[in-house]
Amino acid sequence: MFSATKFFFLCLWGIIMLGPIHALVHRFEVRRSSHTRLCTKKSMLTVNGQFPGPTIYARRGDLVTVDIINLSDQNITIHWHGVKMPRYPWSDGTNLVTMCPITPGNRFRQRMILSDEEGTVFWHAHSDWSRATVYGAIVVLPPATESYPFPKPHAHIPILLGEWWNADIQEVYRNFIAEGRDPAICDAFLMNGQPGDLYLCSTQDTFRLKVEPGKTYLFRLVSATMNYIMFFKIAGHNVTVVGTDGSYTKPLNTHYIAIAPGQTIDFLLETNQPPSHYYMAATVYASGADYVPTTGILEYVGNYTPPPSPLLPSFPEIEGYVTSIYFSNKLRSLASDKHPIDVPINITENLFFVLSINLWPCNTNSCLESDRLQASINNVSMIMPQTSILEAYYKGIRGVFTPDFPDHLKRVFNYTQVSLERNESHPHYATAVYMLDYNATVEIVFQGTILGEGIDHPIHLHGYSFYVLGSGLGNFDGARDRPNLNLVDPPFMDTMVVPKNGWTVIRFKASNPGVWYMHCHFERHQTWGMKMVFIVKDGDRPNEKMLPPPPDMPRCDTPPQELLFRV
């Protein structure tokens with residue numbers, strides 16, 4: 001008898017035989033460990049006791065195996081953010097979308113299948129708000145026989161931006177759900193897990209990097225922040241951006257970087273300044289707010305007298321032309337013979353997705369006001385099911401989702417100028433998906449609204465990278481804006497920002513069959529419901545079909561231990 005297990009391993013072996021793939025094995029033990037920041041010691045969820053977690057190094061095309069062992073007291077899933085996982089959504093690690101959570105005391109062997117990614121992506125928890133402490137970088141090097149499209153750097157420097165709460169993050173999460181408003185602001189921002197010496201009780205908790213004069217370093221900047229777009233800058237130095245979201249870009253010389261949650265930026269730093277100590281700093285992209293930056297110190301090697309305190313770099317003012325897209329609109333793909341692009345031209349699926357912050361009446365005494373904040377895409381606020389959508393789709397289980405996610409908002413209004421009445425701002429709740437035929441060519445116009453006073457939205461799509469053709473302010477106008485879209489060398493990204501009171505247009509080809517989550521990477525917006533699911537159908541050929549599940553998929557025998565807002 002030919003078992004499902006044998007069939008799975010034969011399929012996986014087929015993937016391995018397609019190219020020069022290395023099998024790399026990692027062990028991730030998810031457990032609680034004690035960490036101290038801001039003179040506050042707490043127990044928190046980590047991988048292998050590390051904060052941030054371990055960096056995974058691989059090469060383009062590798063197969064990376066990660067054994068996830070849950071030794072903690074809560075459910076967990078791990079997502080390989082920016083990894084397309086061709087035909088294999090089973091290891092995408094999205095709670096209740098592609099898998100049921102790994103419950104305490106259990107394990108799951110996840111297979112991270114790298115394809116065309118090259119550069120920096122990352123991994124993080126995708127259950128509750130565990131990604132506040134459970135995250136790490138993934139460095140994808142070129143194949144051993146190939147080189148970078150820029151001079152080989154002297155060293156690789158991962159820089160991970162994050163947040164720290166003195167309280168347990170699950171307590172922050174529970175209070176956020178109960179109160180129906182924004183979550184408690186973090187107590188510090190972090191650079192490689194350290195707040196930096198501008199925070200009280202943190203002089204010893206500062207990331208320090210020693211560099212040699214006259215060298216070129218490749219920095220791999222990852223935003224693992226939960227709810228903020230950040231500016232990053234190194235005092236006294238310009239940098240050259242060479243990649244984003246696991247894809248190379250044309251060199252962009254700049255004095256600062258804007259990066260949203262879920263994004264990665266690769267940049268080169270030439271150590272060409274007088275030997276000294278220089279602050280590396282990251283601060284919140286916000287107008288009129290007083291946030292303390294997280295800092296690290298760049299220390300030149302040599303004989304000199306360092307300053308008593310490095311100079312703090314100045315950051316752009318958030319006004320006029322400096323918006324969240326001012327930086328990202330400068331990014332361009334290489335679009336070269338060695339790094340070609342393939343922007344879909346003949347579009348078969350035209351989608352118009354309106355992103356909104358909504359209100360819903362609150363009937364509990366825990367809410368701070370009479371209604372709670374929610375969020376939606378095309379006025380649909382997603383309710384998570386009790387079992388995974390992928391399993392329901394694969395096995396034909398009815399009642400888990402409906403295939404009727406709308407391709408546009410039925411109500412048309414002046415999105416960036418008109419604020420609806422409170423009772424008109426209620427969303428529709430559903431577990432709806434949008435079905436795509438294999439190889440469909442998709443264009444999505446994302447339109448922000450002024451609802452909820454308007455705010456940026458970093459949107460991440462699992463299973464795909466997409467071409468970002470352009471962004472602008474105001475309402476998208478096809479006649480005015482479409483001729484200005486970049487079809488020549490748009491950046492290839494997996495997370496892009498829809499600006500406050502503005503729009504962004506992306507395109508991709510639906511050539512990866514499976515169930516794929518799309519959501520705002522502001523954690524509060526995702527929790528409020530700004531999320532949806534694409535199901536990409538199988539193609540006709542054997543290599544166009546979704547692979548079967550592994551034998552050790554976690555089961556949803558009992559309702560998941562997750563706090564959900566229930567209507």
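Worth saying up front: this structure is predicted, and the values here are computed from it rather than measured.
In this view, Cys362 and Cys367 satisfy the disulfide bond (SG atoms under 2.5 Å apart) rule, not counting sequence neighbours. In this structure Lys410 satisfies the side chain to side chain contact (heavy atoms under 4.5 Å, CB included) test with no other residue, sequence neighbours excluded. By the side chain to side chain contact (heavy atoms under 4.5 Å, CB included) test, Thr133 is found to be paired with Met44, Leu45, Phe51, residues two or more places apart in sequence or in another chain being considered. Applying the side chain to side chain contact (heavy atoms under 4.5 Å, CB included) test to Asp481 and every residue at least two apart in sequence or in another chain returns Phe476, Asp477, Trp503. For Asn378, there are no side chain to side chain donor-acceptor pair (under 3.5 Å) partners at least two apart in sequence or on another chain. With sequence neighbours left out, the side chain to side chain donor-acceptor pair (under 3.5 Å) criterion links Asp407 to no other residue. By the salt bridge (Lys or Arg N to Asp or Glu O under 4.0 Å) test, Asp371 pairs with Arg181, Arg422, sequence neighbours left out. By the salt bridge (Lys or Arg N to Asp or Glu O under 4.0 Å) test, Arg524 is found to be paired with Asp182, residues two or more places apart in sequence or in another chain being considered. The salt bridge (Lys or Arg N to Asp or Glu O under 4.0 Å) search around Glu171 returns none, not counting sequence neighbours. Scanning for salt bridge (Lys or Arg N to Asp or Glu O under 4.0 Å) contacts around Arg398 gives an empty result, with sequence neighbours left out. For Ala188, the side chain to side chain contact (heavy atoms under 4.5 Å, CB included) partners at least two apart in sequence or on another chain are Leu38, Trp164, Pro195, Tyr199.
With 3.5 Å as the limit, one finds a donor-acceptor pair spanning the side chains of His519 and His462. With hydrogens and angles left out, the side-chain atoms of Thr94 and Asp92 include a donor and acceptor closer than 3.5 Å.
Using the six-membered ring where Trp is involved, Tyr394 and Trp90 have ring planes that are perpendicular, over 60° apart on the 30 and 60° scheme. Classified by interplanar angle (parallel below 30°, tilted 30° to 60°, perpendicular above 60°), the ring pair His81/His124 is tilted. Using a 30° and 60° split on the angle between ring planes, Phe231 and Phe315 fall in the parallel class, below 30°.
Residue Asn379 holds its CG atom at 7.5 Å from OG of Ser425, rounded to the nearest 0.5 Å. Atom-to-atom distance recorded for Ile257:CD1 and Ser328:OG is 12.5 Å, nearest 0.5 angstrom. Interatomic distance, CZ of Phe446 versus CG of Leu355, reported as 6.5 Å (0.5 Å rounding). The CD atom of Glu523 lies 10.0 Å from the CD atom of Glu163; values are rounded to the nearest 0.5 Å. Put simply, CE on Met191 and OG1 on Thr294 are 4.5 Å apart, with the number rounded to the nearest 0.5 Å. With rounding to the nearest 0.5 angstrom, the CD atom of Gln194 is 8.5 Å from the CD atom of Gln204.
Contact check for Met518 versus Ile459: side-chain heavy atoms found under the 4.5 Å cut-off. Using a 4.5 Å cut-off on side-chain heavy atoms (C-beta onward), Val97 and Met384 make contact. Counting heavy atoms from C-beta on, the side chains of Pro554 and Thr103 never come closer than 4.5 Å. Contact check for Pro549 versus Leu390: no side-chain heavy atoms found under the 4.5 Å cut-off. Between Tyr285 and Val497, the closest side-chain pair of non-hydrogen atoms is not below 4.5 Å. Looking at Ser223 and Thr264, their side chains never come closer than 4.5 Å, going by heavy atoms from C-beta outward. Contact check for Tyr434 versus Glu349: side-chain heavy atoms found under the 4.5 Å cut-off. Two residues are said to be in side-chain contact when any heavy atoms from C-beta on lie closer than 4.5 Å; Met112 and Trp123 fail this criterion.
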Go through the steps for Val284 and Met230 under the test side-chain contact (heavy atoms from CB on, under 4.5 Å), then give the verdict. CA-CA 5 Å; Val284 174; Met230 305 290 285; 3.9 Å; yes
Quick one: do Trp528 and Ile357 satisfy side-chain contact (heavy atoms from CB on, under 4.5 Å)? Show the steps, please. CA-CA 8 Å; Trp528 285 337; Ile357 304 298; 4.2 Å; yes
For Phe534 and Tyr464, run ring-ring contact (aromatic ring centres under 6.0 Å, His included): C-alpha distance rounded to whole Å, both residues' side-chain angles, the deciding distance at 0.1 Å, then the answer. CA-CA 11 Å; Phe534 285 108; Tyr464 287 87; 8.2 Å; no
Asn358/Ser376 under side chain to side chain donor-acceptor pair (under 3.5 Å): CA gap, chis, key distance, verdict: CA-CA 7 Å; Asn358 307 94; Ser376 65; 2.7 Å; yes
For Phe405 and Phe353, what are the C-alpha separation, side-chain angles and deciding distance, and is it a ring-ring contact (aromatic ring centres under 6.0 Å, His included)? CA-CA 10 Å; Phe405 191 88; Phe353 282 1; 5.5 Å; yes
Using the side-chain contact (heavy atoms from CB on, under 4.5 Å) rule, take Phe122 and Leu160 through it: C-alpha gap first, then chi angles, then the decisive distance, then the call. CA-CA 10 Å; Phe122 75 117; Leu160 292 90; 5.6 Å; no
Could you go through His426 and Trp360, starting from their C-alpha distance and side-chain angles, then the distance that decides it, and tell me whether this counts as ring-ring contact (aromatic ring centres under 6.0 Å, His included)? CA-CA 6 Å; His426 297 168; Trp360 188 263; 5.5 Å; yes
Test log, rule side-chain contact (heavy atoms from CB on, under 4.5 Å), inputs Trp80 and Val66: CA-CA 11 Å; Trp80 318 108; Val66 187; 3.7 Å; yes
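In summary, the aromatic rings of His126 and Tyr517 are positioned with their centroids under 6.0 Å apart.
Remark: side-chain polar atoms of Thr295 are not paired, donor with acceptor, to backbone N or O of Met280 under 3.5 angstrom. Within the 3.5 Å criterion, the main-chain N or O of Cys100 finds no donor-acceptor partner in the side chain of Ser388. No donor-acceptor distance shorter than 3.5 angstrom exists from the side chain of Asp494 to the backbone of Ser465, with no hydrogens or angles considered.
The minimum heavy-atom distance linking Leu312 with Ala281 is given by the pair CD1-CB, 4.0 Å. Here the shortest heavy-atom pairing between Ile177 and Arg372 reads O-NH1, 2.8 Å. Nearest heavy atom pair, residue Arg131 against residue Pro261, reads NH2-CB, 4.3 Å.
A salt bridge links Asp168 with Arg32; the closest basic N to acidic carboxylate O contact falls under 4.0 Å.
Applying the side-chain hydrogen bond (donor to acceptor under 3.5 Å, both in side chains) rule to pairs touching residues 43-56 yields Ser33-Thr46, sequence neighbours excluded.
With Asp67 as the fixed residue, the salt bridge (Lys or Arg N to Asp or Glu O under 4.0 Å) test singles out one of Arg107, Arg27, Arg109: Arg109.
Dense packing is recorded around CG of Leu71, with more than 12 heavy atoms of other residues, nucleotides or ligands lying under 6.0 Å away.
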